[in-house]
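Worksheet for the structure shown next.
Just so you know, residue 1 is the first one in the sequence shown, and it goes up from there.
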Amino acid sequence: MINSLSLEPQHSFLANYKIPVVPPGTAPKKSKQPATPLTALQQKMADPRARSLRMILNTGSNMADAEKAELKTGLAVSMWQAGKSEQAIKLADQSLAIFPNQWIAHCIKIEVMMARHKYEAAYAYLMGTKVSSRTAGWDHGLSKKEIHRCAASCQWRLKAWDEVDKHLRIAYPKGVKTMPTGLQEDWFRLALYRRQPDDAAEAAALLAGSNTLEFTDALLQTLVQQGWSGKALPIYRRVYAKQPRNELLRRRLVALCIREGEIEEARKLTESGALNLNP
């Protein structure tokens, strides 16, 4: 549960998003696939960086290209996880040279670029990568949602807000209500950056229903400070209906009703007694 709200771009889901780099053979499969050299090693609890794996690569002259690529990709993932990005890139390139129709090696390269803050390059590489839906059984294909979520992350870090909006709308065609909570917060931030009161209010209404009063009040006061008090008022009403004895909410509602010309509603809200001016 979120207790505070930061509107800074770096304190966000998209600013910390990482593209999935899934080791070969570990992603769920729609159908049973025959064992491959790497999955066989994994089933024996072998470390992909182990000498046995390199020996298979060095001696596997009769191995199919897809199998060689799987092993090299497995090594690339393990190098990336060990913080050895140069070796990871080299192995990913070697794997792609053998078997280009895969996502994992591409994801390693994209993740390295993002880790190095090369967001424009990562975005261009991601959007220029074309992989058939019929990849090898060991590969982890990126969904349309994952591709555009990563694209939005790159553009977020570049502060290209309209591009972020475009990619999130493609990733979540049914809107903010289908986004995870972290992205709903980013959608709220994005609406502020782009001066879109309707988008901000929609996100605020969703977030207000699942967070602390402190967070909800900070969220709605942000709408008010932007000059969108008319958007905050109905959300405050819904929150107050669930906590009718909360003095903070009553004060907020009275002030907003007066601001929005809802004088009769403000009068009724004060009938229960004088407003408590304490926090």
Side-chain angles (χ1 to χ4, degrees), residues 17-50 52-116 118-119 121-154 167 170-172 180:
Y17 178 78
K18 295 181 181 297
I19 195 167
V21 178
V22 182
T26 61
K29 299 180 177 65
K30 295 181 180 179
S31 60
K32 291 184 178 180
Q33 297 286 340
T36 64
L38 184 57
T39 54
L41 282 171
Q42 288 169 337
Q43 288 166 5
K44 294 177 182 177
M45 303 300 289
D47 182 345
R49 282 168 279 168
S52 57
L53 180 52
R54 293 189 180 277
M55 286 175 62
I56 291 175
L57 275 171
N58 293 333
T59 61
S61 56
N62 296 325
M63 199 178 292
D65 284 348
E67 292 179 334
K68 290 180 182 177
E70 180 191 8
L71 293 173
K72 285 185 177 290
T73 296
L75 273 171
V77 171
S78 124
M79 289 299 150
W80 170 240
Q81 291 173 340
K84 299 178 180 179
S85 58
E86 290 297 335
Q87 293 97 316
I89 287 286
K90 182 178 178 180
L91 285 159
D93 282 335
Q94 289 174 0
S95 180
L96 287 168
I98 299 169
F99 194 79
N101 193 47
Q102 60 166 302
W103 266 113
I104 300 176
H106 286 304
C107 287
I108 291 170
K109 297 187 70 173
I110 292 166
E111 185 60 22
V112 170
M113 291 180 210
M114 293 180 75
R116 294 174 176 175
K118 296 181 179 180
Y119 304 122
Y123 177 79
Y125 188 97
L126 173 66
M127 301 314 293
T129 298
K130 306 298 178 186
V131 176
S132 165
S133 59
R134 293 187 175 184
T135 61
W138 50 262
D139 191 33
H140 173 74
L142 285 189
S143 66
K144 182 179 180 181
K145 179 182 291 185
E146 287 171 324
I147 291 170
H148 285 280
R149 194 159 52 192
C150 182
S153 175
C154 291
H167 286 292
I170 296 172
Y172 297 91

- [ ] Could you tell me whether the side chains of Y172 and H167 share a donor-acceptor contact shorter than 3.5 Å?
- [x]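 There is no such pair between these side chains.
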Shortest non-hydrogen separation from [X] to [Y] and the atoms involved:
{"X": "A92", "Y": "A76", "answer": "N-CB, 3.8 Å"}
{"X": "A151", "Y": "M127", "answer": "CB-SD, 3.9 Å"}
{"X": "A171", "Y": "K145", "answer": "O-CE, 3.7 Å"}

Is [Y] close to [X] at the side-chain level, that is, under 4.5 Å between some pair of heavy atoms?
{"X": "S78", "Y": "K84", "result": "no"}
{"X": "K109", "Y": "L96", "result": "yes"}
{"X": "H148", "Y": "K144", "result": "yes"}
{"X": "W138", "Y": "T73", "result": "yes"}
{"X": "H106", "Y": "L126", "result": "no"}
{"X": "W103", "Y": "V21", "result": "no"}
{"X": "L142", "Y": "I19", "result": "yes"}

Rounded to the nearest 0.5 Å, what separates atom [atom1] in [X] from atom [atom2] in [Y]?
{"X": "E70", "Y": "K68", "atom1": "CD", "atom2": "NZ", "result": "14.0 Å"}
{"X": "Y17", "Y": "S153", "atom1": "OH", "atom2": "OG", "result": "7.5 Å"}
{"X": "L75", "Y": "Q94", "atom1": "CG", "atom2": "CD", "result": "9.5 Å"}
{"X": "S85", "Y": "K90", "atom1": "OG", "atom2": "NZ", "result": "13.5 Å"}
{"X": "C154", "Y": "I110", "atom1": "SG", "atom2": "CD1", "result": "7.5 Å"}
{"X": "S132", "Y": "Q102", "atom1": "OG", "atom2": "CD", "result": "13.0 Å"}

Sub-3.5 Å donor-acceptor pair from the side chain of [X] to the main-chain atoms of [Y], do we have one?
{"X": "T129", "Y": "Y125", "answer": "yes"}
{"X": "D139", "Y": "P24", "answer": "no"}
{"X": "D65", "Y": "F99", "answer": "no"}

- [ ] Inspect the contact between R116 and E86 and indicate whether a charged nitrogen and a carboxylate oxygen are less than 4.0 angstrom apart.
- [x] yes
Task: salt bridge (Lys or Arg N to Asp or Glu O under 4.0 Å) involving K18 - partner list, sequence neighbours excluded - done: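 Residues passing salt bridge (Lys or Arg N to Asp or Glu O under 4.0 Å) with K18: E111.
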